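This report refers to the structure that appears directly beneath it.
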Amino acid sequence: MSTAAGDDDIATSTMFELFARYVGRDGGPLYQRICEGAARDAAVCALLEVAPLGQRRPNLLLASVHYLLLGGVDDPLAAYYPTVAEWRDEQHLGQAPDPQRIFSHFASFCRAHREELVVLLTSRATQTNEVGRCAAFLPAFAHLAAEHGQTLAICDLGTSAGLNLFFDRYAYDYGAAGHAGAADSAVQLHCEVRHGSLGDLAVPEVTWRAGIDRQPIRVADEEASLWLLACQWPDHLDRFRRTRGAIEIARSALPVVLVEGDLVDGVADLAAGAPPAAHLCITHSWVAAYLSAGRQTELAEQVTSIAAHRPLSWLYAEQPFEVPALPMPPAPGGEHVSAASALVLHELGPGRPLGPGRRLADLHAHGRWLHWWGAAAPT
Ligand SMILES: C[S@@+](CC[C@H](N)C(=O)[O-])C[C@H]1O[C@@H](n2cnc3c(N)ncnc32)[C@H](O)[C@@H]1O
């Protein structure tokens with residue numbers, strides 16, 4: 001068993017053990033089995049240890065293997081990955097692979113493709129862009145468009161590939177709580193509404209979209225897009241399909257402003273490009289964890305200074321414990337939904353300073369479910 005220190009001084013084998021438990025809890029049996037095996041395999045641990053310290057996480061090796069398989073490498077391991085069959089448009093006929101043998105196939109794959117894997121492990125970082133989160137953003141945007149009576153200009157910070165900027169092109173199924181969007185969209189989002197009434201779900205008109213990321217993914221770049229897909233779990237076909245659909249939509253849409261840079265330093269310049277006739281919405285989702293408390297404070301100052309010149313809505317979906325320096329109003333009635341992230345809205349503008357904000361919703365990190373607390377009260 002490897003004892004080399006990995007990210008945050010955790011032994012690589014322990015990281016695999018912890019990741020196995022995490023994916024097991026979140027419905028990823030394939031990676032659970034692989035990581036349980038990897039935790040006991042010195043060669044696989046040593047392979048991950050070629051990655052730079054800050055990137056040395058199981059997900060990086062898993063994504064690198066997935067990337068090679070999606071890219072066409074022919075190997076018995078591919079038969080275990082539903083995403084690969086779908087990507088290659090193949091049906092695995094005959095006997096289903098024996099789940100007990102998946103790790104031995106994985107370890108063989110790592111031996112056979114060590115050279116290509118080392119290149120990926122030393123040059124790549126895992127990346128995500130979760131369009132399922134749009135299920136929480138849509139009712140918020142619908143409310144803001146109605147409230148302000150304007151088209152929207154969206155400025156998304158930590159935007160990744162910018163896929164959430166196209167929320168108006170997706171189909172939304174909230175079960176008994178309603179349907180919205182383009183029913184025939186390549187992105188079909190299903191979200192269970194566990195509390196509250198979403199109100200009017202008219203999809204607003206978006207006249208300007210812009211995003212900033214320190215490592216933006218350009219959807220026109222086939223390799224970068226494939227890497228984004230490879231960072232997903234191979235047995236979460238629904239997520240894979242919707243990301244793939246969202247990439248296609250982004251490719252066929254008009255170009256958006258996608259800037260490479262630091263979001264705190266770049267937000268003012270980015271927002272300055274928003275047309276004055278539209279209502280400016282500054283958004284971010286699952287990004288603040290990357291910012292120190294000091295940088296979160298600076299972000300709030302930047303947004304406040306933009307609002308000194310024009311009204312804007314600041315809307316963020318973040319995990320409350322990750323945002324010590326951003327306002328995080330409690331859920332109504334003190335209700336706390338376990339494992340939830342919070343969607344918070346601030347309405348700012350000249351003469352409207354930053355207050356506690358309004359907690360619009362608590363939601364599952366991938367938008368599987370939503371507790372909608374309501375958007376009507378002033379912020
Ligand atoms: C977990 S991903 C979330 C992506 C997207 N917002 C979503 O919800 O799917 C976090 C993103 O934030 C970006 N990021 C982190 N810190 C950043 C910074 N200081 N400036 C710009 N982008 C940053 C990362 O590159 C990554 O694309």
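Indexing begins at 1, ligand by ligand and atom by atom, following the structure's order. Because the structure is a prediction, the values reported are computed rather than measured.
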Problem set entry | Val287: numbered ligand 1 atoms lying under 4.0 Å from its heavy atoms | 6 (N), 12 (O)
Exercise. Which ligand 1 atoms does Trp286 reach within 4.0 Å, using its non-hydrogen atoms?
Worked result: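 Counting from 1, the qualifying ligand atoms are 1 (C), 2 (S), 3 (C), 10 (C).
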For [atom], which protein heavy atom lies nearest, and how many Å away is it?
| atom | result |
| --- | --- |
| atom 7 (C) of ligand 1 | Arg133 NH1, 3.2 Å |
| atom 18 (C) of ligand 1 | Leu263 CD2, 3.6 Å |
| atom 9 (O) of ligand 1 | Glu130 N, 2.7 Å |
| atom 27 (O) of ligand 1 | Asp213 OD2, 2.6 Å |
| atom 19 (N) of ligand 1 | Asp262 OD1, 2.9 Å |
| atom 2 (S) of ligand 1 | Thr128 OG1, 3.5 Å |

Are any of the N/O atoms on [X], whether in the backbone or the side chain, positioned under 3.5 angstrom from an N/O atom of ligand 1?
| X | value |
| --- | --- |
| Ser285 | yes |
| Asn129 | yes |
| Gly158 | yes |
| Gln127 | yes |
| Arg214 | yes |

Exercise. How are the rings of Tyr80 and His105 set to each other: parallel, tilted or perpendicular (split at 30° and 60°)?
Worked result: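 Tilted: the ring planes of Tyr80 and His105 meet at 30° to 60°.
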For this session: Just say parallel, tilted or perpendicular for the rings of His364 and His366, cut-offs at 30° and 60°.
Result: perpendicular
For this session: Please check if Val118 and Leu61 belong to a single hydrophobic cluster, counting links between Ile, Leu, Val, Met, Phe, Trp and Tyr side chain heavy atoms closer than 4.5 Å.
Result: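 In one cluster: yes.
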Exercise. Heavy atom of Gly261 under 4.0 Å from ligand 1?
Worked result: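 Contact check Gly261 vs ligand 1: positive.
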For this session: Please say which of Gln232, His236, His66 ends up in a side-chain hydrogen bond (donor to acceptor under 3.5 Å, both in side chains) with Thr83.
Result: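 Result: among Gln232, His236, His66, His66 is the only option passing the side-chain hydrogen bond (donor to acceptor under 3.5 Å, both in side chains) with Thr83.
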Exercise. So with a 6.0 Å cut-off around CZ of Arg251, is the heavy-atom count from everything else above 12?
Worked result: yes
Exercise. Any idea which part of Asn164 is under 4.0 Å from ligand 1, heavy-atom wise: side chain, backbone, both or neither?
Worked result: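 It is the side chain that touches ligand 1; the backbone stays farther off.
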Problem set entry | Under-4.0 Å heavy-atom contact with ligand 1, by part of Leu291 that carries it |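 Contact part for Leu291 vs ligand 1: side chain (C-beta onward).
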Exercise. After noting the C-alpha distance and the side-chain angles of Val50 and Arg114, does the key distance pass the side-chain contact (heavy atoms from CB on, under 4.5 Å) rule?
Worked result: CA-CA 11 Å; Val50 305; Arg114 188 183 153 76; 4.2 Å; yes
Problem set entry | With Arg33 via salt bridge (Lys or Arg N to Asp or Glu O under 4.0 Å) - residues at least two apart |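 Applying salt bridge (Lys or Arg N to Asp or Glu O under 4.0 Å) to Arg33 gives none.
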Problem set entry | Heavy-atom pair of closest approach, residues Ser305 and His309 |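 Taking Ser305 first and His309 second, the nearest heavy atoms are O-CD2, 3.3 Å.
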Exercise. Is it true that Arg358 and Glu347 make a salt bridge, defined as a side-chain N closer than 4.0 Å to a carboxylate O?
Worked result: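 No, this pair does not count.
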Problem set entry | Cation-pi check, Arg124 onto Tyr67 ring (under 6.0 Å, within 45° of axis) | yes
